[in-house]
**Student:** 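Could you have a look at this structure, given as structure tokens, before my questions?
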Amino acid sequence: MMTETCVSNLQIGRPKAGTTPIPYSLSPMHWTRAKLDDHLSRRLEPVLSSRRTAAVAVEAVWRLSIPARGAALDLFEIAAAANEEIAFQFLLHVQAAVDRRGIQGLQGWLLEILDRYDRDGMYPAIAYLRTVGEGEATAVGEVALAPLAGRLETFLAALGGERHAIIAGVGPTTDGDHLILPERFHLAPTAEDNRTLYRWAATLLWAQLHRATFRLPSGWGDSAVDDLGRLDHFLSSFADPPLAAHLYLLAETVRLEAALGRELPGLARAAAAAKGALLATDLGRDHALLPPRARLCASLTRWLLGGNPGEAATVAHLLTPLATDSATVAASCAAVTACYPHLARLPGDGAMALPYLAALQPKRVAEALRRQRQQRLARLRVAIAHLAAEQSIHPPEKLAMRARTPSPSPTYELVAEGRPVELSAEVEGQLQAVVADLPTLPPELLAAGGWAPGYDPATPAGGEPVAGAAGDGFFYDEWDHRRHAYHKGWCTVREKAPAASPEPVAARILAGHRGVVRALRARFERLRTEERTLRRRHDGTDIDLDAVVEAIADARAGVEPDNRLFTRLQRDERNIAVCFLVDMSGSTKGWINRLQKESLVVLCEAIEAAGDRYAIYGFSGMTRLRCDLYPIKPFSEPYGEVVRARIGAIEPQDYTRMGAAIRHACFRLGEVEARTRLLIALTDGKPDDWDHYRGTYGIEDTRQALIEARRQGVHPFCITLDRDAADYLAHMVGPASYCYVEDVRTLPRKIPEVYRRLTR
Amino acid sequence: MLPPNNRDDACRPPAPRSPLAMTAHPIAVEEYRPEQEPYYHPVGDEVALFEAAAAGHIPLLLKGPTGCGKTRFVEHMAWRLHRPLVTVSCHDDLTASDLVGRYLVKGGEVVWVDGPLTRAVKVGAICYLDEIVEARKDTTVVIHPLADDRRYLTVEKTGQVHPAHPDFCLVISYNPGYQSALKELKVSTRQRFASLAFDYPAPAVEAAVVAHETGLDPARCDQLVRLAQMTRNLKEQGLEEGASTRLLVHCGRLMVAGIDPVRACETAIALTLTDDPEMVAAVAEMVAAVF
């Protein structure tokens with residue numbers, strides 16, 4: 001039912017090879033100094049003055065090596081597209097960056113700067129940019145977190161439990177909610193090993209949260225506090241808590257690395273190789289000059305990396321049993337107690353971090369986990385309250401929980417007066433998560449009445465606030481093709497109440513198109529869910545008597561009889577939701593606007609006849625902070641006078657930021673239950689907005705938004721009126737299907753026709 | 001006449017075990033009965049429940065995700081109860097006459113031919129309607145009188161009523177995972193059945209199942225099961241559905257045939273689960289971590 005036939009019958013933009021031309025005729029690294037000066041002066045014009053010329057920047061670039069110059073000038077274009085001042089500063093500091101990070105590292109550096117620019121603004125970004133010369137020179141093979149984070153999150157989500165966001169910061173460590181990883185990793189000499197160590201560190205942090213590092217059993221720490229508070233108590237009970245904390249991290253790392261090695265042997269193998277590479281660095285050397293305790297710690301680190309423990313053999317021997325299958329967190333505590341005296345008696349400072357894990361933060365994690373535990377319970381309570389209402393269990397005090405299977409690892413079920421209550425998969429999952437998280441089930445949950453709403457006033461019943469719904473806007477990412485990355489939460493989309501026209505515009509249009517509307521309605525009504533009997537089928541529910549009589553007559557007459565003798569009841573169920581996006585940018589002024597209105601009125605009449613669910617959104621706006629969508633007809637609203645008045649009031653507004661509009665339309669489509677979801681965008685030209693959203697940038701973001709739509713199971717389709725469409729359209733809407741209407745006057749008839757073909 | 005239902009059951013072991021595979025010629029639907037024991041590893045009391053339901057003339061609804069062993073369980077029970085098994089895989093074009101029967105024209109005469117359900121009712125077979133929600137809603141009404149204590153099948157076109165053979169047993173399955181308002185069972189249909197919930201078995205059991213079905217060495221089976229669990233954790237987070245036991249069996253067979261484990265997982269699992277290149281890469285990373 002999709003688009004090939006449709007497209008072939010209409011005017012099609014011819015795809016053009018390649019994407020966008022590079023703006024240089026000669027590679028910039030070969031430019032003369034004069035040409036360079038000319039180019040930079042033009043490009044940086046907004047931030048230059050009579051006293052501040054491009055000469056310093058030209059000088060800085062001229063001093064670079066030829067390959068570095070090429071890379072720097074390519075990246076300069078990216079920076080200049082974001083902010084000219086940053087681009088200017090970029091050139092001034094590019095030599096320092098090349099020294100520290102090498103030519104390969106330049107792009108990562110600029111991405112970091114631009115991320116800060118997106119997040120915090122220009123001045124913090126420039127302050128960060130200027131720090132490039134400080135600190136240690138970057139090792140070769142350094143890798144950045146940003147491009148790895150998304151994939152790492154997915155990987156950890158696959159391992160189980162709730163999804164943790166990965167954020168950049170001082171680490172690797174965890175605060176219980178997030179996994180905090182350093183922005184860059186350059187422990188090992190090769191990028192491959194550094195990537196593995198990132199992954200390994202993140203996986204260890206995940207294991208800390210999910211393999212009870214922060215949840216001590218009773219008997220360790222103060223038994224009076226809950227399981228989450230015990231670790232802090234346990235570590236504080238030593239004379240030197242930082243040393244104990246370090247030993248505990250070491251012990252847990254031994255235990256968790258062994259456990260992960262059994263579960264993820266492939267990753268563990270790669271990690272072992274990377275650790276071996278670390279051994280060959282400074283970390284593997286014997287530090288004879290260090291104070292005794294620090295030397296022992298260094299030896300332990302070496303042992304952890306797979307090297308010879310040397311003088312730490314005794315301590316290492318105490319830690320080795322933690323690598324066995326049966327070792328629990330209690331064994332780690334015991335090992336800490338046993339190892340502690342061996343280090344404590346040595347002089348010197350002993351709080352030394354492991355190479356790829358930073359210190360634990362027991363207090364913060366305990367707080368976060370306690371909060372999560374409460375939220376989980378609160379969410380479960382709300383879900384169960386809904387359930388009780390749905391299944392009409394009155395009063396809800398009847399609900400209780402009981403063990404379904406006996407100890408040691410019981411699963412629980414919900415019962416009302418002794419009979420199990422059927423739970424949805426979601427509630428069941430929540431219930432088991434709560435049970436798995438609690439060390440012992442509080443008796444009040446098991447008792448009848450424990451699930452009554454409002455039972456525990458200390459627990460907030462509403463769950464978490466919905467993320468991203470701050471204010472009245474929706475936030476969407478935007479794709480930057482130059483960075484090959486998203487600007488996070490970049491566009492603010494608001495749904496604005498559309499105006500309604502007091503004039504009976506729609507009625508006039510209907511009167512003017514009566515003939516077209518009548519014909520379309522007739523055609524679209526045939527699309528409705530209906531039963532019709534198909535005759536003369538090879539196979540079917542009943543015999544087609546006419547066909548049989550004919551066949552018998554044929555056979556008698558010696559003609560070969562037709563063997564299609566059946567009738568079949570055909571029932572076409574249309575289950576379609578379609579969202580129309582209408583370009584309301586300034587360029588639609590005049591007769592395009594008039595034809596748009598006509599098309600929409602005719603279209604509504606036609607779709608009403610077909611009985612599909614549909615929505616119409618107009619889009620326009622100016623800058624990323626003001627992407628406006630006008631719900632001319634939301635899915636929930638029936639077609640009527642109000643909608644017609646709104647169509648009549650469609651007036652050209654500002655610019656066309658298509659990506660954000662497409663993303664929001666997909667969000668709205670996602671809320672509708674339908675087998676087929678269609679997004680049909682009607683536009684008169686290229687995406688265009690005031691703040692750089694034009695040319696390749698806009699085209700690429702629109703393209704990316706359409707790709708996202710596809711991924712969400714929405715079929716996108718574009719109808720365009722742009723006569724120059726051929727040169728970019730094929731690329732931009734490649735992920736979608738499209739057509740372009742050459743004769744605008746035919747639009748009111750074309751759009752319903754396209755729709756009918758798409759959904760037939 | 002409908003072709004005998006020889007749906008290629010993916011969980012069937014490679015050795016030819018079904019009578020269809022052993023005899024070269026087709027047999028009638030109601031003659032199909034598993035001769036040798038189809039391998040099934042019980043995970044709870046489902047065997048006893050099925051036996052009790054069959055004895056008590058209670059129709060059964062099996063629900064659970066795809067590839068977790070529902071079909072195999074029914075085959076196993078057919079063998080255990082020595083009853084023929086009639087399987088109908090429902091599709092959205094399945095009509096009542098596809099189940100009940102129809103008139104055919106043969107050499108100038110009109111002949112009535114029973115559908116698979118009618119045959120099962122007559123001979124006392126287990127009739128297994130796989131993925132019942134896929135069928136048209138009106139179709140499910142045909143089974144109503146069979147699914148309550150009336151236990152007869154009305155054939156409108158011939159004007160006959162067929163009382164069910166005492167051994168006749170109705171089993172339907174559906175996958176609640178495909179959540180769509182349109183693919184829900186009607187309450188009136190649902191409430192005629194006793195329900196058995198299936199899920200992927202516990203890791204140790206699943207590994208044993210994979211080992212039995214493929215002959216792969218146990219350590220590799222454990223790894224496959226771990227990978228499957230990882231993909232199941234990504235359900236609704238990029239993957240529509242996690243890897244089923246059936247997929248693991250396929251993957252294991254590729255490995256036994258000498259395919260490199262990583263390549264086998266890519267072919268049988270990663271590319272099968274998703275078309276999104278980003279998710280394929282993510283699953284590939286999991287494969288690299290597990291193997």
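Sequence lines set the chain letters: A, B, ... in the order given, protein chains first and strands last, and positions in each chain run from 1.
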**Student:** Select one option (side chain, backbone, both, neither) describing which atoms of Gln223(B) are under 4.5 Å from chain A's heavy atoms.
**Tutor:**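 For Gln223(B), side-chain heavy atoms alone lie under 4.5 Å from chain A.
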**Student:** Any idea which heavy atoms bring Phe155(A) and Met230(B) closest together, and the distance?
**Tutor:** CE1-CE, 3.9 Å
**Student:** Answer with side chain, backbone, both or neither: which region of Arg163(A) has an atom nearer than 4.5 Å to a non-hydrogen atom of chain B?
**Tutor:** side chain
**Student:** Just verifying a value: how many Å separate Lys157(B) NZ and Asp542(A) CG, rounded to the nearest 0.5 Å?
**Tutor:** 4.5 Å
**Student:** Taking all atoms of both residues into account, what is the closest heavy-atom pair of Arg226(B) and Arg262(A), and its distance?
**Tutor:** NH1-O, 3.3 Å
**Student:** So for Ala288(B), is it side chain, backbone, both, or neither that comes closer than 4.5 Å to the heavy atoms of chain A?
**Tutor:** backbone
**Student:** When heavy-atom pairs shorter than 4.5 Å are enumerated against chain A, which of Gln229(B), Arg232(B), Glu285(B) gives the highest number?
**Tutor:**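 Most heavy-atom pairs within the cutoff with chain A belong to Glu285(B).
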**Student:** Which heavy atom in Leu234(B) sits nearest to a heavy atom in Ala157(A), and how many Å separate them?
**Tutor:** CD2-CB, 3.8 Å
**Student:** Near Glu671(A) CD, under 6.0 Å, is it more than 12 heavy atoms from other residues, nucleotides or ligands?
**Tutor:**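 Check passes, neighbour count above 12.
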**Student:** Does any backbone or side-chain atom of Leu159(A) lie under 4.5 Å from a heavy atom of chain B? Answer side chain, backbone, both or neither.
**Tutor:**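 Both parts, heavy atoms under 4.5 Å.
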**Student:** Can you tell me which portion of Val283(B) sits under 4.5 Å from chain A's heavy atoms? Options are side chain, backbone, both or neither.
**Tutor:** neither
**Student:** Identify the heavy atoms of Tyr103(B) and Phe566(A) that sit nearest to each other, and give their distance.
**Tutor:** O-CE2, 3.3 Å
**Student:** Are the side chain of Arg102(B) and the backbone of Ile543(A) linked by a donor-acceptor contact shorter than 3.5 Å?
**Tutor:** no
